[in-house]
Amino acid sequence: MVWTADAIPSQEGRVALVTGANSGLGLATARALSARGATVVMACRSRRKAEAARSQLLEVGLTGLDLLELDLADLNSVRCAASELCDRYGHLDLLFNNAGVMAPPRTLTKQGHELQLGVNHLGHMALTLQLLPLMQGRHDARVVTVTSGAQYFGRIRWTDPSWNEGYDRYGAYSQSKLANVMFALELEAQQQEQESGIRSLAAHPGLARTDLQPTAIATGGNQFEALVYRLMDPLFQSADMGALPQLHAATAETAQGGEHYGPDQWGGMRGHPTRCWIAQAALDREQRQRLWQLSEELAGGLLMP
Ligand SMILES: NC(=O)c1ccc[n+]([C@@H]2O[C@H](COP(=O)([O-])OP(=O)(O)OC[C@H]3O[C@@H](n4cnc5c(N)ncnc54)[C@H](OP(=O)(O)O)[C@@H]3O)[C@@H](O)[C@H]2O)c1
């Protein structure tokens, strides 16, 4: 039997934070969790877009939607957001590291890291490490980090992670998505060693019709890329379908820490959630620990609370 959003158990009394909740998979995730009774903190960088997204959900009768300002391209903003969440709730049950940026022209974050590495990986790593104390001791607390099929093509550029040389828009995206799954697995290993009870899982949506590809084309693409996406369009599923693997990872009773979920059809491009394979580099603990250390060095003290 396929898993759908109807299978999400009641989330009454639980607090979930979703990054990038104003659009695409984040918005679909917020909608599904709110419909099951969760308090959903929509963590977004644009107050205007966040308010518009919340209004959209309120109009269909959903409740328990809170807004939090978060710019993952600035580790100081991440720190402020984590501290604000602590003041407002004092605890957290579910964290969705969902927000993402794909294939922009080479841009740097506030701290000088390549944007995709900074937003997709470093910002989420900092957010997670700063929110873990709020998840400690909560029943069935889970962190879900959203990766992509691009992880399978990813390679960590150990000596030049910010692409000072030879920037490749999709190479940098793949690196960041490999980093996402490496982080998710290493976090799981560490939480198990500490017997914290907090679980960490990864999920990818396959191909989902969101703002991700249009933004990539508008900011850094060309006519050929636009044509390729137009030709691929029939393969894309809805944002609601694309959000199912992350919702499954976060709420299904059967989902275990360290697992990776994605769609079950067309080689993982579309369909309902199923367990799927993990990029080889992420299975290697030495490489994961090396990335953890590199991330700490890059963030220069801004990862931890
Ligand atoms: N759609 C797909 O086919 C696909 C495939 C594989 C993986 N994914 C992954 O799915 C996740 C969600 O993407 P999506 O498809 O839903 O795309 P989307 O519709 O473009 O949503 C991306 C979200 O991330 C937010 N974001 C970007 N930069 C940010 C920053 N500096 N700080 C905070 N938030 C920021 C965006 O905010 P703004 O609206 O303000 O820009 C938006 O809310 C991403 O991690 C992506 O890599 C998507």
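All ligand and atom numbering here is 1-based and tracks the order in the structure.
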(request) Return the minimal non-hydrogen interatomic distance between Tyr89 and Thr39, and the atom names on each side. (result) OH-CG2, 3.7 Å

(request) May I ask you to identify the nearest protein heavy atom to atom 21 (O) of ligand 1, giving residue, atom name and distance to one decimal place in Å? (result) Ser23 OG, 3.6 Å

(message) Is any side-chain heavy atom of Val146 closer than 4.5 Å to one of Phe96?
(response) no

(request) Could you verify whether a donor N or O on one side chain and an acceptor N or O on the other, from Gln192 and Glu188, lie under 3.5 Å apart? (result) yes

(request) Looking only at distances, please establish whether an N/O atom of ligand 1 is found under 3.5 Å from an N/O atom of Ser46. (result) no

(request) Examine the proximity of ligand 1 to Lys49 and report which part, side chain or backbone, both or neither, has a heavy atom under 4.0 Å away. (result) side chain

(request) May I ask you to check if ligand 1 and Gly100 share an N or O to N or O distance below 3.5 Å? (result) yes

(message) Test your reading of the structure: does Leu25 have an N or O sitting under 3.5 Å from an N or O of ligand 1?
(response) yes

(message) Please work out, at 4.0 Å between heavy atoms, whether the side chain, the backbone, both, or neither of Arg209 comes within that distance of ligand 1.
(response) neither

(message) Among all protein heavy atoms in this structure, tell me which lies nearest to atom 43 (O) of ligand 1, with the distance rounded to 0.1 Å.
(response) Asn22 OD1, 2.7 Å

(message) Is a donor from one side chain sitting under 3.5 angstrom from an acceptor on the other, for Thr145 and His124?
(response) no

(request) Just need the protein heavy atom nearest to atom 47 (O) of ligand 1, so name the residue and atom and give the distance. (result) Tyr173 OH, 2.7 Å

(request) Indicate the atoms forming the closest heavy-atom contact of Gln111 with Leu302, along with that distance. (result) CG-CD1, 3.9 Å

(request) Answer yes or no for Pro205: is there a heavy-atom contact with ligand 1 below 4.0 Å? (result) yes

(request) Consider every N or O of Ser148 and every N or O of ligand 1, then say whether any pair is closer than 3.5 Å. (result) no

(request) Answer with side chain, backbone, both or neither: which part of Val119 has a heavy atom less than 4.0 angstrom from an atom of ligand 1? (result) side chain

(message) Any atom of ligand 1 sitting under 4.0 Å from a heavy atom of Leu70?
(response) yes

(request) Working to the nearest 0.5 Å, report the span between CG of Asp140 and CZ of Arg138. (result) 11.0 Å

(message) Can you confirm, on distance only, whether ligand 1 has an N/O atom lying under 3.5 Å from any N/O atom belonging to Ala208?
(response) yes

(request) Report yes if some N/O of Gly20 lies less than 3.5 Å from some N/O of ligand 1; otherwise report no. (result) yes

(message) For the residue pair Arg106 / Asn164, report whether a side-chain donor-acceptor contact shorter than 3.5 Å exists.
(response) yes

(message) Please confirm whether Ser176 approaches ligand 1 to less than 4.0 Å, judged on its heavy atoms.
(response) no

(request) Could you state whether Phe153 and Trp277 fall into the same hydrophobic cluster, counting links through intermediate Ile, Leu, Val, Met, Phe, Trp or Tyr residues with side-chain heavy atoms under 4.5 angstrom apart? (result) no

(message) Please list the nearest protein heavy atom to atom 44 (C) of ligand 1 with its residue and the distance rounded to 0.1 Å.
(response) Asn98 O, 3.1 Å

(request) Starting at CG of Leu247, measure out to OH of Tyr261 and round the result to the nearest 0.5 Å. (result) 13.0 Å

(message) With a 3.5 Å distance limit and no angle check, can you tell me whether Asp264 reaches the backbone of His272 through a side-chain donor-acceptor pair?
(response) yes

(message) Is the shortest side-chain heavy-atom distance between Gln191 and Met135 below 4.5 Å?
(response) no

(message) Less than 4.5 Å apart, side chain to side chain, heavy atoms only: is that true for Leu187 and Leu132?
(response) yes

(request) Report the nearest protein non-hydrogen atom to atom 15 (O) of ligand 1: residue, atom name, distance rounded to 0.1 Å. (result) Thr210 OG1, 2.6 Å

(message) Is the terminal nitrogen or CZ of Arg290 (NZ for Lys, CZ for Arg) located under 6.0 angstrom from the six-membered ring centre of Trp158 and within 45° of that ring's axis?
(response) yes

(message) Using a plain distance cutoff, I'd like to know if Gly149 has any nitrogen or oxygen under 3.5 Å from a nitrogen or oxygen of ligand 1.
(response) no

(request) Before signing off on this row, confirm whether Thr215 and ligand 1 have an N or O atom pair separated by under 3.5 Å. (result) no

(request) Please indicate whether any nitrogen or oxygen in Ala21 is less than 3.5 Å from any nitrogen or oxygen in ligand 1. (result) no

(message) If you take the nearest heavy atom of each of Met102, Arg45, Arg270, Met42, which one is closest to atom 30 (C) of ligand 1?
(response) Arg45

(request) Quick one: look up the protein heavy atom nearest atom 13 (O) of ligand 1 and list residue, atom name and how far away it is. (result) Leu212 CD1, 4.2 Å

(request) With heavy atoms only and a cut-off of under 4.0 Å, state how Ala99 meets ligand 1: side chain, backbone, both or neither. (result) both

(request) Return the minimal non-hydrogen interatomic distance between Arg270 and Leu235, and the atom names on each side. (result) NH1-O, 2.9 Å

(request) For Thr147 and ligand 1, answer yes if some heavy atom of the residue is under 4.0 Å from a ligand atom, otherwise no. (result) yes

